[in-house]
Amino acid sequence: MYKYILLAILVVTMIYDIITSVLSDKQKNKPLPENVRDVYDEAEYKRWREYSADHKRLAMIEGVFSFVLLAVLFATNIFSWIYGVMPGSEFWKNILLMAVFTLFLSFISIPFDYKKTFGIEEKYGFNKSTKKTFISDQIKNLIINGILNCLLTLVAFYICRDLTVKGFIWWLVGAVGFMVIFSMLSTVFQKIFNKFTPLEEGELRDTLTEMFASEGYKLKNIYVMDASRRTTKVNAYCSGLGKMKKIVLFDNLVNNYTPDEITAVFAHELAHFKHRDTLKLTACSFINIIVILCSIAVFALVPEVSVDYGFEGANMAFALIALMSVILTPIMKLIALPVNAFSRHCERRADTFAVKKGYGESMISALKKLPKDNLTDLNPHPFIVKIEHSHPTLSQRIALVEEKMRELK
């Protein structure tokens, strides 16, 4: 029975992906909103449509390939067969099964990642990564994912070895604590892949520092990340908890945007800190951890799921593989519905704050530059926005900024 349930979940997920793809294609035939028609000229808009089509085509091929592969894996007892031929105790067999699966997923994703990087991204002038950097990143990702997945298997094994309510709560507290520490050390982990250098003294650094200080936040540092080693795309973000904030800017952003445009972007980010949006959304992400641990507990309490796949009882490595590969995808989409709605509310409030700080015009200028530099969709389907987007559309954001600027006059 449980095999049919997992296979049904795979089919439903695939159908959802097909529906959203069709809706997205239909939306492309509709005219752009008036306030974003000047973002792309005719040649740029054609380039975006081709770029989007290439990505969608590859994503569809990858999606079908993954669906067929997972359908075969979860229609058979191959996991229990691999588990049975592995050496060692039950504990080490669990770790090895997860390690093998992580290695397998990493290797089958490499051709698609390579095509994205050196096929599509390079074709449209975004890729700056070398093959050496690509290989290095793949190895680092494999090591990090392998370690994290094996640690998760270890946690699952000990949670369910002698499952009690008290023990489960302690594991839950520990997992949340780990996530807090991980988020605080996010920049440390990012240094594995990128180089971070302090922003040089000058107008931009002084303006950002003073703006954050005016709201009671002390910036620990402002870093520039060498994103241009891999891409021409632009981005910026803030990290850190409490009063100690850290700003990270892509070097492409520093080199190609005006100080006022960059400051407008971070006036927006400052609003998130002021209203504790970052903390609230981080707390929402802990729901994912709770769902994962509760799902692990369900597998422990319902060993028939593992037995259906040829195991003698509940197997925690298989439980995690089934969760990550099949079950969590639709669950996370459902959880994301209210979280994304709240996030869009926070984004509108942050844009309003940037206007009140006097950066309305610069905000519009930056908002219109970002899609051109990143080739993003100016008119996504409303259904997809409500289901998947954490930000309002570009047209909605510009309309809001213009409205708030008129109110302040």
Side-chain angles (χ1 to χ4, degrees), residues 1-19 21 58-113 138 141-142 145-157 159-161 163 291-334:
M1 180 182 75
Y2 292 104
K3 277 186 181 178
Y4 294 118
I5 292 174
L6 292 183
L7 290 172
I9 293 173
L10 278 174
V11 171
V12 170
T13 303
M14 185 66 179
I15 291 172
Y16 170 83
D17 290 340
I18 292 171
I19 291 172
S21 179
L58 181 63
M60 185 59 68
I61 294 170
E62 185 175 9
V64 171
F65 177 79
S66 297
F67 171 77
V68 172
L69 180 64
L70 290 174
V72 170
L73 291 176
F74 286 95
T76 63
N77 291 352
I78 190 169
F79 292 109
S80 58
W81 179 83
I82 294 172
Y83 181 84
V85 299
M86 284 179 168
S89 64
E90 181 187 3
F91 170 76
W92 284 112
K93 284 185 174 184
N94 272 267
I95 297 296
L96 285 172
L97 182 61
M98 176 56 75
V100 168
F101 186 70
T102 302
L103 188 66
F104 174 68
L105 283 186
S106 298
F107 275 115
I108 65 173
S109 70
I110 288 175
F112 296 104
D113 291 340
Q138 293 294 325
N141 277 320
L142 173 61
N145 288 334
I147 291 173
L148 290 177
N149 285 342
C150 288
L151 282 175
L152 189 56
T153 304
L154 173 65
V155 169
F157 184 84
I159 285 178
C160 299
R161 188 177 58 170
L163 185 65
V291 169
I292 291 171
L293 292 180
C294 288
S295 300
I296 291 170
V298 168
F299 268 88
L301 295 170
V302 188
E304 289 82 4
V305 182
S306 297
V307 171
D308 242 18
Y309 281 89
F311 294 95
E312 294 180 0
N315 182 275
M316 290 303 100
F318 170 72
L320 287 172
I321 291 169
L323 286 170
M324 292 187 294
S325 305
V326 181
I327 300 170
L328 287 181
T329 299
I331 291 176
M332 293 308 173
K333 286 187 182 296
L334 291 174

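Since the model is a prediction, treat every value here as computed from it, not as a measurement.
Put simply, CZ on Phe107 and CG on Leu142 are 6.5 Å apart, with the number rounded to the nearest 0.5 Å. In this structure, the separation between CE on Met324 and OG1 on Thr102 is 6.0 Å, given to the nearest 0.5 Å. One distance of note links CG of Leu328 with CG of Leu323; it measures 5.0 Å at 0.5 Å rounding. Taking OG1 from Thr329 and CG from Leu70, the interatomic distance works out to 9.0 Å, rounded to the nearest 0.5 Å. Rounding to the nearest 0.5 angstrom, the gap separating the CG atom in Leu97 from the CD1 atom in Ile82 is 6.5 Å. Distance check, rounded to the nearest 0.5 Å: OG of Ser66 to CD1 of Ile61 gives 11.5 Å.
By the 6.0 Å and 45° rule, Lys3 does not stack over the aromatic ring of Phe74.
Put simply, the side chain of Asn315 gets close to the backbone of Phe318: a donor and an acceptor are under 3.5 Å apart. The backbone N or O of Ala322 lies less than 3.5 Å from no partner atom in the side chain of Ser325, so there is not a single donor-acceptor pair. A donor-acceptor distance shorter than 3.5 angstrom exists from the side chain of Ser109 to the backbone of Ser106, with no hydrogens or angles considered.
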Report task. Determine, step by step, whether Phe65 and Phe112 satisfy the ring-ring contact (aromatic ring centres under 6.0 Å, His included) criterion, reporting the C-alpha distance in whole Å, the side-chain angles of both residues, the deciding distance to 0.1 Å, and the verdict. Result -> CA-CA 11 Å; Phe65 177 79; Phe112 296 104; 5.7 Å; yes
Query raised in the report: Please walk me through it: do Met316 and Phe91 pass side chain to side chain contact (heavy atoms under 4.5 Å, CB included)?
Result: CA-CA 10 Å; Met316 290 303 100; Phe91 170 76; over 6 Å; no
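Other residues, nucleotides and ligands place no more than 12 heavy atoms under 6.0 Å from the CD1 atom of Ile78. Within 6.0 Å of the CD atom in Glu304, the count of heavy atoms belonging to other residues, nucleotides or ligands exceeds 12.
Between Ser21 and Met60 the shortest heavy-atom distance is OG-CE, 3.8 Å. Across all non-hydrogen atoms, the minimal contact from Ile9 to Val326 is CG2-O, 3.5 Å. Nearest heavy atoms, Ser306 versus Gly313: CB-O, 3.1 Å.
Looking at Val307 and Glu312, their side chains never come closer than 4.5 Å, going by heavy atoms from C-beta outward. Using a 4.5 Å heavy-atom threshold, the side chains of Trp92 and Met86 count as separate. Between Phe104 and Leu73, some side-chain heavy-atom pair lies under the 4.5 Å cut-off. A 4.5 Å side-chain heavy-atom check between Phe67 and Thr13 finds every atom pair outside the cut-off.
Checked against the 6.0 Å centroid criterion, the rings of Phe311 and Phe79 do not qualify as a close aromatic pair.
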